[in-house]
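Following: one structure in structure tokens, then a few remarks.
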Amino acid sequence: MTGVRALRIAARVEAVSLALLLANLLSVHTEAVASLGGPVHGTAYLIVIVTVRRVSADPAARWQGWIPGIGGLLAVRQLRRAGTRMPPEAYGS
């Protein structure tokens, strides 16, 4: 698995887990969802930060990786714009 592919996966998990946590908070606030979703979101967030740092020297992408929730998605977009030298299949469709 390439670094950009791992970043894409972690960014999606981070965004989806944050959306689920916020939806849970605004609706029924189930303890089980918060207990599972919190660590999943936190782990995905840390993976995004570390992976962006390993994959790119682009300062814009590195800073975007620190934005909670959507930073990973923004960093992936920045890496595409910057033309990071990775095989096209690493980026997916």
**Report entry** Heavy-atom pair of closest approach, residues Val52 and Ala75
**Finding:** CG2-CB, 3.7 Å
Query raised in the report: Are the side chains of Leu79 and Leu7 in touch, meaning some heavy atoms are under 4.5 Å apart?
Result: yes
Query - With Tyr45, the side chain to side chain contact (heavy atoms under 4.5 Å, CB included) member among Thr43, Ile49, Ile47 - result: Ile49
**Report entry** Straight-line distance of Glu14 CD to Leu73 CG, nearest 0.5 Å
**Finding:** 7.5 Å
Requested in this report: Check Ala61 against Ser56 and note the closest heavy-atom contact, atom names and distance.
Outcome: CB-OG, 4.2 Å
Requested in this report: Could you tell me whether a side-chain N or O of Asn24 sits under 3.5 Å from a main-chain N or O of Thr30, the two making a donor and an acceptor?
Outcome: yes
Report task. Supply the atom-to-atom distance Leu46 CG to Thr51 OG1, rounded to the nearest 0.5 angstrom. Result -> 10.0 Å
Requested in this report: List in chain and number order the residues that pass side-chain hydrogen bond (donor to acceptor under 3.5 Å, both in side chains) with Ser17, two or more places apart in sequence or in another chain; answer none if no residue qualifies.
Outcome: His41
Report summary line: For Ala60, the side chain to side chain contact (heavy atoms under 4.5 Å, CB included) test, sequence neighbours excluded, returns Asp58, Gln78
Query raised in the report: What is the minimum heavy-atom distance between Ala44 and Ala10, and which atoms define it?
Result: CB-O, 3.7 Å
